[in-house]
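For ligands, and for the atoms within them, numbers begin at 1 and follow the listed sequence. As a basis for the values below, the full set of heavy atoms in this structure was taken, side chains included, without hydrogen atoms, waters or symmetry mates.
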Amino acid sequence: MRKIYIFDTTLRDGEQSPGVNLNTQEKVEIGLQLEKLGVDRIEAGFPAASPGDLAGVDAVARAVKNATIIGLARSRERDIEAVSEALKHAQDPCLHLFLATSPIHRQYKLRMEKHQVLEAAEAAIKYAKKYFSKIEFSAEDAGRTEIDFLVEVTAMAIRAGATVVNIPDTVGYMTPDEYGNIFKTLKEQVPGIEKIQLSAHCHDDLGMATANALAAILNGADQVEGTINGIGERAGNTAIEEVAMALETRQEFYQAKTSMVLKEIYRSSRLVSKLTGMVVPGNKAIIGANAFAHESGIHQDGMLKEKTTYEIMSPDTIGLKESKLVLGKHSGRHAFREKLVDLGYELSEEQVNAAFAKFKDLADRKKQVADEDIRALIEEKLIETPEVYVLDKIQVAYGNQTTPSATIRVKIQDGGVAQESADGNGSVDAIYNAIDKVTMEDVELEDYSIKSVSHGKDALGEVHVVLKQNDVSVQGRGISTDILEASAKAYLDAVNRLIEKRKTPTSNRSNVTLI
Ligand code: KIV
Ligand code: ZN
């Protein structure tokens with residue numbers, strides 16, 4: 001069976017999603033999970049964008065050993081050198097070079113003629129050869145490029161020394177037939193095409209990213225690029241879990257497979273959602289909360305008689321285990337440990353103890369602790385940020401006829417305690433005004449979202465915020481059975497990250513654009 005290589009770009013194209021800003025530790029965490037997921041290639045970032053991006057790629061390259069690590073570069077010497085610097089500790093480095101080829105991009109963005117595009121790309125690939133043996137060349141906006149010119153560009157890239165040629169549908173404009181035909185034509189017409197791998201990179205503007213990637217596979221693509229949960233620029237990229245599961249479930253049709261460890265899909269999806277703050281819609285294919293839920297009576301009846309009546313894949317395949325053990329306030333350490341094993345967590349003794357203390361605290365406030373609650377507790381502190389401020393006390397006065405006010409008391413890292421009160425337009429606004437007074441940080445709340453972790457009135461609430469100070473954006477997360485407490489925790493988490501980020505001033509992305 002033909003192997004399809006999976007090129008994951010969650011850390012590059014995925015990180016270009018509006019509002020997403022991962023720090024180095026979070027990038028490494030995702031990189032390590034992608035390694036467990038068994039993707040072949042990981043695009044870790046765009047090193048020339050900023051020293052922070054370079055440091056992020058470097059950190060992923062040092063940590064991840066069982067995947068090719070890739071850095072993105074425009075067709076410029078400075079960008080190529082930045083990738084070379086960022087990947088010097090990678091076990092298996094690869095450069096991803098790109099230049100736009102479509103008439104629209106040539107005329108308005110690059111102001112270059114066809115022959116200039118060919119010359120610039122060729123020069124960049126040849127220059128890159130000094131540093132890299134593996135080079136992927138992307139003809140940006142290939143989907144809207146004249147097919148004859150794309151044949152010429154691909155032939156040039158092969159002659160110049162590219163090892164992979166990528167055909168991006170940069171703006172998500174293609175239909176599956178059109179996109180598949182591009183691959184067919186390149187396979188038929190480009191001399192030396194058998195020497196390289198052809199790659200598909202699709203965007204989801206018209207909701208066809210996965211269908212287009214699969215059409216490319218049917219027409220000879222060797223590699224598919226995409227992201228976990230399909231996150232990415234605008235409407236996002238092809239979701240790699242969808243491609244992997246389509247090839248698995250419809251093996252007889254596609255006659256192709258990936259090396260992905262399917263059982264790691266669910267965990268990868270949760271991690272990316274948690275660290276990016278991008279919530280997965282309930283109806284999302286494969287990884288949405290409802291993807292394996294059967295609501296209608298007829299479906300439930302069918303499922304009880306024979307699962308395959310309505311289920312084409314098993315939740316087990318993607319690592320979504322239904323655990324039978326129900327925990328509550330009388331559950332002991334032993335049952336808790338069993339549950340962690342059931343849910344697939346491998347934690348140290350110290351981590352189990354810390355999680356157990358949090359579980360006991362939660363069980364006091366909540367009758368039944370659901371699997372989702374336990375996952376949320378464990379994942380709350382996945383990334384340890386040094387805590388300058390820890391929430392100690394929160395008190396809120398709200399009435400629909402009065403001005404809401406809040407008092408916040410925090411413990412400070414140096415051992416002190418600080419307390420402030422403030423009014424606001426609403427309870428959350430009052431809390432955030434009080435925190436601003438305590439921390440004396442001048443920040444702007446760019447984004448606030450809240451979701452329920454499990455079901456019921458006593459469900460845990462999870463808050464995600466994005467704070468901005470000058471050009472620096474940070475995220476923060478907080479969970480609690482009380483949404484006001486979760487809101488305060490998320491805000492303080494973001495402030496703590498901001499303070500940490502100031503200590504490493506290279507960590508924010510600059511506004512270099514991909515041109
Ligand atoms: O969509 C696109 O064209 C890209 C390139 C940089 C490959 O992401
Ligand atoms: Zn893209």
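When only modelled atom types and interatomic distance are considered, Glu85 and Tyr131 share no side-chain donor-acceptor pair under 3.5 Å. Side chain to side chain, Glu225 and Ser199 meet the donor-acceptor criterion of an N or O pair below 3.5 Å. In this structure, a donor-acceptor pair under 3.5 Å is present between the side chains of Thr10 and Asp8. There is a side-chain donor-acceptor pair under 3.5 Å between Asp92 and Thr68.
The Zn ion (ligand 2) has an N, O or S atom of Asp13 closer than 2.8 Å.
Remark: ligand 1 and His201 share an N or O pair separated by less than 3.5 Å (distance only, no angle test). No N or O atom of Glu140 sits closer than 3.5 Å to an N or O atom of ligand 1. Between Ser138 and ligand 1, no pair of N/O atoms sits closer than 3.5 Å. Polar contact with ligand 1: absent for Asp141 (N/O pair, distance under 3.5 Å).
Close contacts between ligand 1 and His203 involve ligand atoms 1 (O) [criterion: under 4.0 Å to a heavy atom]. In summary, the atoms of ligand 1 found under 4.0 Å from a heavy atom of His96, numbered by their order in the structure, are 7 (C).
If you look at Glu233 next to ligand 1, there are no close heavy atoms at all, none under 4.0 Å. Only the side chain of Asp13 comes within 4.0 Å of ligand 1, counting heavy atoms alone; its backbone N, CA, C and O stay farther away.
At least one heavy atom of Arg12 sits closer than 4.0 Å to an atom of ligand 1.
The angle His201:NE2 - the Zn ion (ligand 2) - His203:NE2 amounts to 100°, with values rounded to 10 degrees.
Judged by the 6.0 Å distance and 45° axis criteria, Lys3 is positioned over the aromatic ring of Tyr5.
Of the possible donor and acceptor atoms, none in the side chain of Lys36 sits under 3.5 Å from a partner among the backbone N and O of Glu264.
By the 4.5 Å heavy-atom criterion applied to side chains, Asn21 and Glu15 are counted as neighbours.
His201 and His203 have tilted rings, their planes meeting at an angle from 30° to 60° on a 0 to 90° scale.
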